[in-house]
*Asks:* 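Structure provided below as structure tokens; questions to follow.
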Amino acid sequence: MPSKKTKKKVRTIKIDVDKCNGCRACEVICSAFHAAPKYSSNNPARARIRVIREPLTDIYVPVYAGEHTAAECAGRDKYTIDGKEYDECAFCRASCPSRDEFKEPDSGLPLKCDMCEGEEEPLCVKWCLTDALVLEEREEEVEEGQEQEELDIGLEALAQKHGLQKILDAVAKMSKKD
Ligand code: SF4
Ligand code: SF4
């Protein structure tokens, strides 16, 4: 029997590295939005976007927090841009055991960009005055049930890493905040 298709909305933030001036407003607003209670504090270590910087040439590259991975890669990558070498894995989006980026500083739980769920426009886009971050939206056809499958895989990976109870406690804590 042919599987049913449904439409899902895909939101993409286009990053224009040449327009980023390194102001870090995106980090500040992201961490404030995700503070508990909302906007009570800001700490870029809690942001789901980090601006990677090469000080000698003032190149700024915004990187969004992506998927959590339970195991680190067997290899590493290292970029050279305009003759400047960046740290290993500098542009990787994963919350991974090999480094501290994209982890909640207190609990160690992985951070992932949620596109500012509930907001009409992602706040980092709104606060980026240079238009280095621009939101684009489109619709895509997907198999029915695919989104649930992706959610199941993500939850299973988290439960394997942190234990189910810790995840349940974190969810209970988050629902109290809302
Ligand atoms: S707010 Fe925009 S210009 Fe400022 S650091 Fe973030 S991406 Fe760059
Ligand atoms: S879209 Fe929202 S959650 Fe994602 S990095 Fe920007 S401010 Fe943070």
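Nothing here was measured: the structure is a model prediction, and the numbers come from that model. Just so it is clear, the values below take in all heavy atoms, side chains as well, and ignore hydrogens, waters and symmetry mates.
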*Asks:* Locate the shortest heavy-atom distance separating Ser95 from Pro110; write the atom from each residue and the value.
*Replies:* OG-CB, 3.3 Å
*Asks:* Look up atom OG1 in Thr12 and atom CE in Met115, then write down how far apart they are to the nearest 0.5 Å.
*Replies:* 6.5 Å
*Asks:* Taking only residues two or more places apart in sequence, or in another chain, which ones meet Glu85 in a salt bridge (charged side-chain N to carboxylate O under 4.0 Å, His left out)?
*Replies:* Lys78
*Asks:* Which residues pass the side-chain contact (heavy atoms from CB on, under 4.5 Å) test with Cys128, sequence neighbours left out?
*Replies:*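 Result, side-chain contact (heavy atoms from CB on, under 4.5 Å) vs Cys128: Thr130, Ala132, Leu133.
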*Asks:* Taking all atoms of both residues into account, what is the closest heavy-atom pair of Val63 and Ala90, and its distance?
*Replies:*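 Shortest heavy-atom separation between Val63 and Ala90 comes out as CG2-O, 4.3 Å.
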*Asks:* Using the rule that two of Ile, Leu, Val, Met, Phe, Trp, Tyr join whenever any of their side-chain heavy atoms come within less than 4.5 Å, decide whether Tyr60 and Ile81 are in one cluster.
*Replies:* no
*Asks:* Name all residues meeting the salt bridge (charged side-chain N to carboxylate O under 4.0 Å, His left out) criterion together with Lys166; count only those two or more places apart in sequence or in a different chain, and write none if there are none.
*Replies:* none
*Asks:* Suppose we screen for salt bridge (charged side-chain N to carboxylate O under 4.0 Å, His left out). Which residues come up paired with Glu117, at least two apart in sequence or across chains?
*Replies:* none
*Asks:* Say whether Tyr64 and Ile59 are linked into one hydrophobic cluster, either directly or through other cluster members, by side-chain heavy-atom distances under 4.5 angstrom.
*Replies:*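 Yes, Tyr64 and Ile59 fall within the same hydrophobic cluster.
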*Asks:* Looking at every non-hydrogen atom in both residues, tell me the closest pair between Ser107 and Glu104 and how far apart they are.
*Replies:*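 Shortest heavy-atom separation between Ser107 and Glu104 comes out as OG-CG, 3.0 Å.
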*Asks:* Identify each donor-acceptor pair in which a side-chain atom of residues 14-23 lies under 3.5 Å from a protein atom, sequence neighbours left out, and give them as a table.
*Replies:*
residue, atom, partner, partner atom, Å
Asp16, OD1, Asp18, N, 3.1
Asn21, OD1, Cys23, N, 3.0

*Asks:* Looking at residues at least two apart in the chain, or sitting in another chain, which of them share a side chain to side chain donor-acceptor pair (under 3.5 Å) with Gln165?
*Replies:* Asp169
*Asks:* Got more than 12 heavy atoms from elsewhere within 6.0 Å of CD, Glu120?
*Replies:*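 Incorrect, the count does not exceed 12.
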*Asks:* Atom SG in Cys96, atom NZ in Lys103: separation rounded to 0.5 Å?
*Replies:* 6.5 Å
*Asks:* Are Glu140 and Arg138 within salt-bridge range, i.e. N to O under 4.0 Å?
*Replies:*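 A salt bridge links Glu140 with Arg138.
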*Asks:* Taking only residues two or more places apart in sequence or in another chain, which ones pass ring-ring contact (aromatic ring centres under 6.0 Å, His included) with Tyr79?
*Replies:*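 If we apply the ring-ring contact (aromatic ring centres under 6.0 Å, His included) test to Tyr79, skipping adjacent residues, the hits are Phe91.
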*Asks:* Linking directly or through intermediates, with side-chain heavy atoms under 4.5 Å: list the remaining ILVMFWY members grouped with Trp127, chain and number order.
*Replies:*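 Its cluster mates, by chain and number, are Ile29, Phe33, Tyr39, Leu123.
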*Asks:* Taking salt bridge (charged side-chain N to carboxylate O under 4.0 Å, His left out) as the definition, give me every residue that meets it alongside Asp106, ordered by chain and number, with sequence neighbours left out.
*Replies:*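 Here the qualifying residues are Arg46.
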*Asks:* What about Val51 and Val61, same hydrophobic cluster or not, with Ile/Leu/Val/Met/Phe/Trp/Tyr joined at side-chain heavy-atom distances under 4.5 Å?
*Replies:* no
*Asks:* Determine whether a donor-acceptor pair (N or O, by modelled atom type, separation under 3.5 Å) exists between the side chain of Ser31 and the backbone of Asn42.
*Replies:*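 Judged by distance alone, no pair lies under 3.5 Å.
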*Asks:* State, to 0.1 Å, how close Glu119 and Arg11 come at their nearest heavy-atom pair, and which atoms those are.
*Replies:* O-NH1, 4.3 Å
*Asks:* For Glu67, which residues count as a side chain to side chain donor-acceptor pair (under 3.5 Å) partner, sequence neighbours excluded?
*Replies:* Lys112
*Asks:* Holding to side chain to side chain donor-acceptor pair (under 3.5 Å), I want the full list of residues that pass it with Arg93, two or more places apart in sequence or in another chain.
*Replies:*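 Arg93 satisfies side chain to side chain donor-acceptor pair (under 3.5 Å) with no residue once adjacent residues are dropped.
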*Asks:* Give me the atom names and distance for the closest heavy-atom approach of Ala47 to Leu111.
*Replies:*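 Looking at all heavy atoms of both residues, the closest pair is O-CD1, 4.0 Å.
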*Asks:* Mind checking the SG-NE2 spacing from Cys116 to His34? Nearest 0.5 Å is all I need.
*Replies:* 5.5 Å
*Asks:* Among Cys92, Cys89, Ser98, find the residue that satisfies the side-chain contact (heavy atoms from CB on, under 4.5 Å) test when tested with Glu72.
*Replies:*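 With Glu72 as partner, side-chain contact (heavy atoms from CB on, under 4.5 Å) holds for just one option, Ser98.
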*Asks:* Only counting residues at least two apart or in another chain, list the ones meeting side chain to side chain donor-acceptor pair (under 3.5 Å) with Glu54.
*Replies:*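 For Glu54, no residue satisfies side chain to side chain donor-acceptor pair (under 3.5 Å) once neighbours in sequence are set aside.
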*Asks:* Is it the case that over 12 heavy atoms from other parts of the model lie below 6.0 angstrom from the CG atom of Asp58?
*Replies:*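 Yes.
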*Asks:* Is any side-chain heavy atom of Leu109 less than 4.5 Å from a side-chain heavy atom of His68?
*Replies:*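 No. Closest side-chain heavy atoms not under 4.5 Å.
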